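Nothing here was measured: the structure is a model prediction, and the numbers come from that model. A note on names: the letters A, B, ... follow the listed sequences, proteins ahead of strands, and every chain is numbered from 1.
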Protein chains: 2
Amino acid sequence: MTEPKSRARRGVEKSEILQAAFDLFAEVGEASFSIRKVAAIVGVDPMTVLHHFGSKDELLRAIADHGLRSVEMPAATPNWRDDLRAVAKAYRMLAHHHPRVFPLHFRYNATGPADHISSEIVYCALRRAGLTDTAAAGLGLAFYAFVLGFALAEAEGLLRAIGPSEEAELSALDPTKYHATQDLIPVLKTLDPGLAFEDSMDVFISGIADLARSRPRQKPVVTCEAKCA
Amino acid sequence: MTEPKSRARRGVEKSEILQAAFDLFAEVGEASFSIRKVAAIVGVDPMTVLHHFGSKDELLRAIADHGLRSVEMPAATPNWRDDLRAVAKAYRMLAHHHPRVFPLHFRYNATGPADHISSEIVYCALRRAGLTDTAAAGLGLAFYAFVLGFALAEAEGLLRAIGPSEEAELSALDPTKYHATQDLIPVLKTLDPGLAFEDSMDVFISGIADLARSRPRQKPVVTCEAKCA
DNA sequence: GTGTAAAGTCTACACCGTAGAAGTCAAGGG
DNA sequence: CCCTTGACTTCTACGGTGTAGACTTTACAC
């Protein structure tokens with residue numbers, strides 16, 4: 001009761017608008033998204049929406065941030081492999097939950113708290129794996145590229161088991177040139193993206209372990225290990 | 001002189017329009033791209049553009065295909081690792097050359113000839129590495145997700161060495177919670193995306209070799225090996 | 001010629017983001 | 001109390017967009 005509607009329900013409207021905008025975007029996608037529709041849903045003038053967010057671009061950025069804020073990062077565990085897998089899974093689940101919003105995270109490199117938290121987990125895991133700082137920084141980026149790329153491809157509907165039409169298309173190719181592709185048609189038809197993702201994460205982790213063995217860091221990361229272990 | 005302008009310069013206009021559309025998109029990006037601007041550049045009515053491509057969406061798809069068609073895939077070599085690296089490099093170069101067009105390849109999963117050719121190279125390489133067909137199919141997707149994800153992130157300007165403002169932001173974080181991140185600031189400042197990409201490819205390839213050792217395919221891929229080697 | 005079919009154009013419409021002016025209304029000082 | 005203030009909301013209007021539908025032009029087949 002302290003400030004029920006002080007200064008014309010300040011702040012309340014803004015989050016309400018953002019929620020409506022997010023829901024609309026998540027449902028219809030970017031092509032059918034417009035400020036005017038958001039305004040109609042909230043029951044407000046289009047210019048009110050613009051007044052709170054400045055521009056459509058800013059609104060989209062806010063939507064991206066809102067989506068990223070909803071993902072909760074797992075706590076660090078003693079096992080750096082599990083930590084990497086957990087972060088990867090969290091982002092993939094985010095993409096599955098709001099596939100139409102997910103591309104926005106790429107466009108506006110959303111740097112919310114979740115971003116920093118996950119970065120910390122990833123960097124910490126890579127150092128505990130035994131990587132040098134330089135390698136950890138580079139592989140950290142690669143990790144994100146892989147996870148976000150995979151999740152984005154899934155969200156865009158690119159990574160699915162192939163259907164009859166794609167099978168026909170591949171079968172029609174010149175067998176002398178596309179032998180391997182055509183040999184894989186049976187497994188491509190029953191491919192499970194989730195399984196492929198987990199297998200690929202294992203491959204990535206395995207490669208990281210190899211790198212750490214061949215080029216280990218000079219001294220263990222005491223503070224990091226102490227904190228995370 | 002056989003058909004200088006037979007049937008009202010059929011075909012000539014269309015490719016001319018596509019080229020202009022591609023150039024415009026590559027220069028100004030999606031936000032400032034419009035059918036009417038393309039028409040103005042070619043010196044033609046906006047409806048002419050639409051008449052040839054059906055809709056803006058189809059035009060964008062054509063732009064994506066046009067970009068993909070420009071990348072020339074390397075020939076297969078005896079070394080499957082080199083083949084994977086070469087395909088990865090080709091896509092990354094594509095993203096570097098036309099960063100604004102690149103996101104379109106994700107939105108419309110462009111399936112041009114280059115797509116099939118590169119798939120064949122990748123699948124063939126993965127089988128020669130010793131992977132089972134199931135693993136080859138899954139890891140093939142992972143390979144594309146990683147390469148395209150990395151290239152996309154670079155094209156969107158996400159993967160750069162951090163600047164003073166980002167450094168300040170990271171430094172301002174709670175040191176007890178973001179120790180690893182802050183330790184890596186020095187290397188993040190001088191990070192080279194190209195080097196990180198190559199290192200990451202090596203990690204990925206190393207992981208694939210591990211997987212092939214632990215779960216090898218039953219019999220060698222005679223036809224594929226014979227063709228590619 | 002006439003027919004035909006594709007290529008190109010014109011007009012018009014609904015929708016979009018948003019600049020700028022105007023209106024509304026709670027809070028605070030006199 | 002009135003009056004100013006300033007955030008919030010709304011109204012109006014403008015230039016730009018994609019594109020449907022009708023029209024005109026063009027170039028070949030007959």
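Sorted by first and then second residue, the pairs that involve residues 27-42 of chain B and meet side-chain hydrogen bond (donor to acceptor under 3.5 Å, both in side chains), not counting sequence neighbours, are B:Glu30-B:Arg107.
The pair B:Glu120-A:Lys177 does not count as a salt bridge, with every side-chain nitrogen at least 4.0 angstrom from each carboxylate oxygen.
As rounded to whole Å, 15 Å separates atom P of C:dG20 from atom NE2 of A:His51. Taking atom CD of A:Glu58 as the reference point, atom P of C:dG17 lies 15 Å away to the nearest angstrom. Rounded to whole Å, the distance from CG on B:Asp45 to P on C:dA12 is 14 Å. Distance B:Glu16 CD to C:dG8 C1': 14 Å, rounded to the nearest Å. The distance between atom CD of A:Glu30 and atom P of C:dC16, rounded to the nearest whole Å, is 14 Å. Put simply, CG on A:Leu59 is 9 Å from P on C:dG17, counting in whole angstrom units. At whole-Å resolution of the value, CG in A:Leu60 and P in C:dC16 are 14 Å apart.
Annotation: side chain to side chain contact (heavy atoms under 4.5 Å, CB included) contacts of A:Ser70 (sequence neighbours excluded): A:Leu94. In this view, B:Asp23 satisfies the salt bridge (Lys or Arg N to Asp or Glu O under 4.0 Å) rule with no residue, not counting sequence neighbours.
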Using a 3.5 Å cut-off and no angle test, enumerate the donor-acceptor pairs between side-chain atoms of residues 194-204 of chain A and protein atoms at least two apart in sequence or in another chain.
residue  : atom : partner  : partner atom : Å
A:Ser200 : OG   : A:Ala196 : O            : 2.5
A:Asp202 : OD1  : A:Arg85  : NH1          : 2.5

Exercise answer: donor-acceptor pairs, residues 156-164 of chain B side-chain atoms, under 3.5 Å, sequence neighbours excluded:
residue  : atom : partner  : partner atom : Å
B:Arg160 : NH1  : B:Gly157 : O            : 3.1

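Checking the phosphate oxygens (OP1, OP2) of D:dC8, no side-chain nitrogen or oxygen of A:Thr48 falls inside 4.0 Å. Contact annotation: B:His52 does not reach the phosphate of C:dA6 (side-chain N/O to OP1 or OP2, under 4.0 Å).
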Practice task
Quick one, give me the B/S/- string for nucleotides 17-23 of chain D, reading 5' to 3', where B means a protein heavy atom under 4.0 Å from the base and S means that only happens at the primed atoms, P, OP1 or OP2.
Solution key: BBBBB--

